[in-house]
Number of protein chains: 2
Amino acid sequence: MRTRDKILKEALKQFNGLGVEKTTTRHIASALGMSQGNLHYHFANKDLLIKELFDNFIQKITEVRKYEYQVLFKKEDVLASMDLSFSVMYKYRFLFRDNETVWRRLSSIKKAMLELLAGRKVEIKQIISHYVKQNIFRPDISDSQQEYLADQFVFNITSWLNASEYLGVTKQKSNYFAKFTFRQWLPYLVSEEMKNWEELLGEK
Amino acid sequence: MRTRDKILKEALKQFNGLGVEKTTTRHIASALGMSQGNLHYHFANKDLLIKELFDNFIQKITEVRKYEYQVLFKKEDVLASMDLSFSVMYKYRFLFRDNETVWRRLSSIKKAMLELLAGRKVEIKQIISHYVKQNIFRPDISDSQQEYLADQFVFNITSWLNASEYLGVTKQKSNYFAKFTFRQWLPYLVSEEMKNWEELLGEK
DNA sequence: GTCTATACAGCGATAGAC
DNA sequence: GTCTATCGCTGTATAGAC
């Protein structure tokens, strides 16, 4: 593995574990048995490390999305898609946990992240709208409630990482939260569908 | 105002605004036109500042809870109660935004915070159970789904502060999120109730 | 590319004068 | 109580030898 990549890998590990502010170039370098001077040869400053990790994140999350674009309406596929997205987000969780720190340092990341989420919201509204047309969702759910559901979805995907401690979640994080998020739709379903979905999501 | 209190007030302001790690005793002192030495006369170290602010938070949030304990089942009261809680949490938002940093420094706060939330979950389950018995909630909602709803509630109250940027919320934060959280219950209601509640929550 | 050495700034905290 | 002065440490980043 190239030195550059080793540094990136270790930086990601420490950003996720210790947080962005507590992670230092000294610390990263020494964990790799490398001098700090050498690290700064490869990455002139800490922000460049963050920037490159963010670019990697965007690349992976875009890949995941593209992959399932056409199969998105079947409930098993929606669930699997969420699971995949969540696992990528989990890998780069410092971007969400320390979002304020990161955004303060690099405002371009803030912009890109908000755009990403706006795109997600549009997608989710399409799915919901599809379910309403197919009579999978109940007919008495108002438009504003559908809008709300999409907001709740965005809220969930951005917040789940911080919440795991509060909820006492330890293992299988991405899978747990994919179900957690998906489960929010249960009461919107018509009765016949509800049983199927509840089965898919398994007992809590 | 006593010097002690001035320091606490400024510390809270900076913790909320800059984050705990970026806030320094130097910074707090100079904002008050006071020497750093003097600040350290009143608070020997930074952790004592955090600790005292946390104690104030606990005192206020407990007060708020006690106050409406008996009226908790009417929907208007539940909403008002949430609004009050959220506004206290907002005042001490660094405790939630920087929860990992704070918990790393003072594990006693982690313990107390998790207990507080566990209590909240119990309360919310009581309310839900009450609504089910009163036939305000639909009868076809499973027990595990009720449990889930309580978890979602805890998830919401702990995460809303970080999410406002993602959702584009700017003003009236506590009121907005009280409704946001409450609105999650809409699809669980029987049809007749749904209209009343939707009116209470207003158009999005 | 990788190292050592070092400059420089900022932090928490303490000592001692007033 | 409040101040100034200072210590010891840790952080980012650069310079120059190999």
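Excluded from the calculations below are hydrogen atoms, water molecules and symmetry mates; all remaining heavy atoms, backbone and side chain alike, are included.
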Please report the distance, rounded to the nearest Å, between [atom1] in [X] and [atom2] in [N].
X	N	atom1	atom2	result
A:Q36	D:dA13	CD	C1'	8 Å
A:M34	C:dC3	CE	C1'	11 Å
A:K46	C:dG10	NZ	C1'	14 Å
B:K22	C:dG10	NZ	P	11 Å
A:Y41	C:dT2	OH	P	8 Å
B:E21	D:dT10	CD	P	16 Å
B:H42	D:dC3	NE2	P	9 Å
A:H27	D:dT12	NE2	P	11 Å

(request) Could you say whether A:T24 or A:H40 is positioned toward the 5' end of DNA chain D, judged by the nucleotide with the nearest heavy atom to each? (result)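 Between the two, 5'-proximity favours A:T24.
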(request) Decide whether a cation-pi geometry holds between B:R93 and B:Y90; the criteria are a distance under 6.0 Å from NZ or CZ to the six-membered ring centre and an angle within 45° of the ring axis. (result)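 Flagged: B:R93 positioned over aromatic ring of B:Y90.
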(message) Taking A:A80's backbone N and O only, do any of them form a donor-acceptor pair with A:D83's side chain (distance below 3.5 Å, no angle check)?
(response)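 It does not hold such a pair.
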(request) Would you check if A:I136 and A:F73 make a side-chain contact, meaning some heavy-atom pair closer than 4.5 Å? (result)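 No, every pair of side-chain atoms sits at 4.5 Å or beyond.
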(message) Mind checking if A:T25 touches a base, just sugar-phosphate, or nothing, with heavy atoms under 4.0 Å?
(response)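 Contact class for A:T25: sugar-phosphate only.
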(message) Among B:R4, B:K9, B:K46, which residue satisfies the salt bridge (charged side-chain N to carboxylate O under 4.0 Å, His left out) criterion with B:E52?
(response)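 For B:E52, the salt bridge (charged side-chain N to carboxylate O under 4.0 Å, His left out) test succeeds with only one of B:R4, B:K9, B:K46, which is B:R4.
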(request) Confirm from the modelled atom types if B:R26 and C:dG12 form a donor-acceptor pair under 3.5 Å, side chain to base only. (result)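 When only heavy-atom distances are counted, B:R26 does reach the base of C:dG12 through a donor-acceptor pair under 3.5 Å.
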(message) Please determine whether a side-chain nitrogen or oxygen atom of B:N38 lies at a distance below 4.0 Å from atom OP1 or OP2 of D:dC3.
(response)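 Checking D:dC3 against B:N38, a side-chain N or O does come within under 4.0 Å of OP1 or OP2.
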